[in-house]
Amino acid sequence: MPDLEQRYNLAKEQFAEWGVDADAALQQLSQVAISMHCWQGDDVTGFEGADELGGGLAVTGSYPGKARTPDELRADLDKAYALIPGDHRLNLHACYAELDGATVERDELQPEHFASWIDWAKTNNHGLDFNPTYFSHPKADDGFTLSSPDEGVRKFWIDHGIACREIGASMGAALGSPCVTNIWIPDGYKDLPIDRRGPRERLAASLDAILAKPYDKQHLLDAVESKLFGIGSESYVVGSHEFYLGYAVKNQTVLCLDAGHFHPTELLADKLTSVFQYVDQVLLHVSRGVRWDSDHVVLLTDELNALAQELVRGEYLGRTHIGLDFFDASINRVAAWVIGTRATLKSLLRAMLEPIDRLTAAEQSGDLTTRLALLEEAKQMPWGAVWDYHCERSGVPASDAWLAEVKRYESDVLAKRN
Ligand SMILES: C[C@H](O)[C@H](O)[C@@H](O)C(=O)CO
Ligand SMILES: [Mn+2]
């Protein structure tokens, strides 16, 4: 049985015959930092003592071993990162503040409440991204936050957004890498609204107030995220795709596109070349909806491959922030991170190993037969040998060897939590 390097060298030759440089693909892949989401580790619970998940979000499953404290969550994240090739980021939500038993309302959060996260990120070479938390809170219980008709409620959430931008900017400054701070709100109606206009006008004004203060883009990048519907907001979501696309174009914020936030047959891949005509940067929330926005763990699906192909073929990686957004409590949570992050990296590697020049030449000369034939043959090229070698060279387990590590961690650590 040839070792991984020998297998790689054989694969590399085969790719070279196709006109593809496998070394260059691995070099490009190693530059990609995926923002792994903290909320997969504890079913979006956070550390404020919330006992119910709000905002029309739902996590199903009761797999044992969920992280209960910041230290447990960081230990679980460490384990996951150790099984993924490359240096990656962490995406934090405001409800993961460390308050040491004090009561600090969300509109009063400060960078110091995230000091341990920042120290940990610095030590482990992770960039940080951030999100204000507009759900799982009494002031969001009626389904409205930044678009609420109640001025006091609206002000509270505007101040939360302002506090979170300050926190994001200080994370970015401390780590020397811009912190993408993403606004997603759950606001909407279960049933048919009469006034669709008022909430959207209020949301636009609230966003303007939150984003009024300019920050250095080396520290903070603002993003806005749309959604089609949530549980309890089936008929109307204030922050729809059209709303935020318009807002992002007008204000040149980053536009967040979540794979689960569109109609089930509507795919993100075809949206990228359109939105990149009008916005400079995109934040992707890589997710996997099954029949609805179910936030299943990301796998190497056709949909994910198509997304990666668009990023690579269009040379958009430098303008794209890739974050994960799924939460599954029916399987080992560390494994969920590893499966989803490795799948996302694999999709990018496969796209980087495509014979793009030959495909483009075929298309431009009108030889659509060759284009289709090459696309099909590309599927059986030995990209798996390239991936395994990349894992080994990056010091992480190749193939399915990571699973034994997760199982060991489960019996040594997770199973002892109750
Ligand atoms: C927890 C996140 O803020 C959330 O998943 C958001 O990004 C979203 O996609 C809501 O459906
Ligand atoms: Mn999302």
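All figures in this text were calculated on a predicted structure; none of them were measured in a lab. Counting convention: from 1, in listed order, for ligands and their atoms alike.
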Heavy-atom contacts with [X] under 4.0 Å: which atoms of ligand 1 show up? List them by number with element.
| X | answer |
| --- | --- |
| Asp258 | 9 (O) |
| His285 | 7 (O) |
| Phe327 | 5 (O) |
| His261 | 8 (C), 9 (O), 10 (C), 11 (O) |
| Leu57 | 10 (C), 11 (O) |
| His93 | 1 (C), 2 (C), 3 (O) |
| Asp293 | 11 (O) |

Which residue owns the protein heavy atom closest to [atom], what's the atom, and how far is it?
| atom | answer |
| --- | --- |
| atom 4 (C) of ligand 1 | Asp325 OD2, 3.7 Å |
| atom 7 (O) of ligand 1 | Glu225 OE1, 2.8 Å |
| atom 11 (O) of ligand 1 | Lys227 NZ, 2.6 Å |

To the nearest 0.5 Å, what is the distance between [atom1] on [X] and [atom2] on [Y]?
| X | Y | atom1 | atom2 | value |
| --- | --- | --- | --- | --- |
| Leu257 | Leu272 | CG | CG | 6.5 Å |
| Thr181 | Leu128 | OG1 | CG | 10.0 Å |
| Ile183 | Leu146 | CD1 | CG | 7.0 Å |

Ligand 1 versus [X]: contacting region, heavy-atom distance under 4.0 Å:
| X | value |
| --- | --- |
| Thr133 | neither |
| His37 | neither |
| Asp295 | neither |

Do [X] and [Y] sit within salt-bridge range, that is, some charged N less than 4.0 Å from a carboxylate O?
| X | Y | answer |
| --- | --- | --- |
| Arg333 | Asp42 | no |
| Asp412 | Lys79 | no |
| Arg408 | Glu405 | yes |

Ring-plane angle category for Phe229 and Trp292, please: parallel below 30°, perpendicular beyond 60°, tilted otherwise.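 Taking Trp292 first and then Phe229, their aromatic rings sit tilted (interplane angle of 30° to 60°).
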I would like to know whether Asp388 and Ser399 meet side-chain hydrogen bond (donor to acceptor under 3.5 Å, both in side chains); could you show each step before the answer? CA-CA 6 Å; Asp388 283 344; Ser399 187; 4.8 Å; no
Compute both the distance and the angle, then confirm whether Arg74 meets the cation-pi test with Trp117: under 6.0 Å from the six-membered ring centre, within 45 degrees of the axis.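 Yes, Arg74 sits over the ring of Trp117.
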Determine, using heavy atoms of Asn131 and all atoms of ligand 1, whether some pair is separated by less than 4.0 Å.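 Flag not set, Asn131 not near ligand 1.
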Establish, yes or no, whether a centroid distance under 6.0 Å links the rings of [X] and [Y].
| X | Y | answer |
| --- | --- | --- |
| His88 | Trp337 | no |
| Phe262 | His241 | yes |
| His390 | Tyr8 | no |

Given a cut-off of 2.8 Å, the protein N, O or S atoms lying below it from the Mn ion (ligand 2) are Glu225 OE2, Asp258 OD2, His285 ND1, Asp325 OD2
Using modelled atom types and a 3.5 Å cut-off, is there a donor and acceptor pairing between side-chain atoms of Glu310 and backbone atoms of Ala306?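 Pair absent, no side-chain N/O of Glu310 close to backbone of Ala306.
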